[in-house]
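Nothing fancy with the numbering, it's 1 onward along the sequence. Order of appearance sets the numbers: ligands from 1, and atoms from 1 within every ligand.
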Amino acid sequence: MFEASGGNELYRPTFRSEIVRRLYFKSVKHGGALSAWQHGDIDINWPLVARLAELAYRCNLCRRCAQTCPIGADNGLVAHELRKLLSQELGINAKECHDNGSVLQLKVGSSTGMSSLVVKDNIEFIDEDMMDRTGIKVETPWDVEGADVLLIHNAGEILAWPENPGAFALILSAAGIKWTLSSELAGYDSINYGLWYDDAQFARVAIKHAQAAKKLGVKKIVLGECGHAHKALSVIADRVLTGDLNIPRESSMTLLRDIVMNGRLTLDPSRNAFPVTLHDPCNLVRLMGVVEPQREIVRKICPEFREMEPHGVDNYCCGGGSGFAIMSGNNFQDWRFHVSGRKKMEQVLNAFADCMDPSINKYICAPCSNCKGQFRDMLAYYDLWNKNRILYGGLVELIVNCMVDAKPGFIDWEWH
Ligand code: SF4
Ligand code: SF4
């Protein structure tokens, strides 16, 4: 952020931490003149609080700064704690995360506003579409008691990228997995925006997810392609889901890796003979350590795979992290296009530097719903589909695209 802003001091990772540090010594430790001389003085007033609130939402919580700091100072965590304080103590938060996010999800079941009836309708339509596109009949199972896997998608996929849940259904069914979706409140939407701003909202949603799994008596929960949902339910919810709510949780990356690498599908990598690069969602990769499973898959099924530099745990955020991708108010779109997303776009262009000609279709594999939203908006803003034929999508689409049993051409080389 600091680099992409042209070195604006406001966005130096330590800037907001320094304010918090001074506030701590003055207002919590009640430091006097000596403390002010030693730690720096500061006055708490409304303009300061308002500017801190603004600054807490100019960090995408990628925590790359903690990784490079020699003493491990975690300025991303400071920004996160600020967001929590602002929401939990002062009721200040982003409406996209709170009113239209966790509040709506707890009320109707999904932050998309979809009830379970609407989701079921949509999934039925997606199943039919999958049959048309691949020639393989698929019927998504609902509320199967005792299933091995409860798959929870980011429900945004169902609306924005229906081919993603469709591809999951094709793969899990073809691999013979006993799986199910849940129609319980929040059981069909893995989103947990509380992760970004409010622990109480976070806990409420995480408990709903676990209760949906417990009700069905499934063996484990598998998270679809959504980075923040991964970290929310697998890692952070550890503090909340105790006792009989502590149901095993697994990443879809490892399940898919096991399916692909164990030969449970017949695949023809030559169907994926186009340049592919892989985006590392911060929550999934740097913050959870899920680095290799998705790479094993793309190395096996994408003959023209190339890494971005840097990649893996050293990746750059897509620029839509921590809720930016769903925020459109104030100047957030400008911010995403001109500041927070710049590093990632530079990486993408470098990864495809040898094949920029528009006669060559190129694919950014981004196994995260939030990141895909950011890629969609960035590619559209810079017109990179029309100019250079750079498309984006998930991992499961690449797998289905090379399934021998499916009709060729699953990936739709059209802008969407
Ligand atoms: S110690 Fe860490 S947080 Fe502080 S200035 Fe150095 S790198 Fe930045
Ligand atoms: S967490 Fe990421 S965006 Fe936030 S200050 Fe650190 S490097 Fe910058």
**Q** Should the pair Arg64 and Tyr316 be classed as cation-pi, given the thresholds of under 6.0 Å to the six-membered ring centre and 45° from the axis?
**A**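 Output yes; distance and angle both within limits.
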
**Q** Could you check whether Arg58 makes a cation-pi contact with Phe332, meaning its NZ or CZ is under 6.0 Å from the centre of the six-membered ring and within 45° of the ring axis?
**A**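 Positive - Arg58 is close enough to the ring of Phe332 and near enough to its axis.
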
**Q** Once you restrict to heavy atoms under 4.0 Å, what part of Glu3 touches ligand 2? Side chain, backbone, both or neither.
**A**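 For Glu3, no heavy atom sits under 4.0 Å from ligand 2.
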
**Q** Between the side chains of Lys214 and Gln211, does any donor sit under 3.5 Å from an acceptor?
**A**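 Gln211 and Lys214 do not have a side-chain donor-acceptor pair below 3.5 Å.
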
**Q** Can you name the atoms of ligand 2, numbered from 1 with element, that are less than 4.0 Å from a heavy atom of Arg16?
**A**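 Counting atoms of ligand 2 from 1, those under 4.0 Å from Arg16 are 5 (S).
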
**Q** Could you count the protein N, O or S atoms found under 2.8 Å away from atom 2 (Fe) of ligand 2?
**A**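 Atoms of protein N, O or S type lying less than 2.8 Å from atom 2 (Fe) of ligand 2 total 1.
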
**Q** Are Tyr392 and Trp415 an aromatic pair, judged by ring center distance below 6.0 Å?
**A**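 Between Trp415 and Tyr392, the centre distance is under 6.0 Å.
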
**Q** Among all residues two or more places apart in sequence or in another chain, which pass the ring-ring contact (aromatic ring centres under 6.0 Å, His included) test with His98?
**A**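 With sequence neighbours excluded, His98 shows a ring-ring contact (aromatic ring centres under 6.0 Å, His included) to Tyr197, given in chain and number order.
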
**Q** Between Phe352 and Arg306, is there a cation-pi geometry (under 6.0 Å to ring centre, at most 45° from the normal)?
**A**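 Judged by the rule (NZ or CZ under 6.0 Å from the ring centre, within 45° of its axis), Arg306 is not positioned above Phe352.
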
**Q** With no hydrogens and no angle check, just 3.5 Å: does a side-chain donor-acceptor pair link Ser17 and Asn75?
**A**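 A pair is found: one side chain offers a donor N or O, the other an acceptor, under 3.5 Å apart.
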
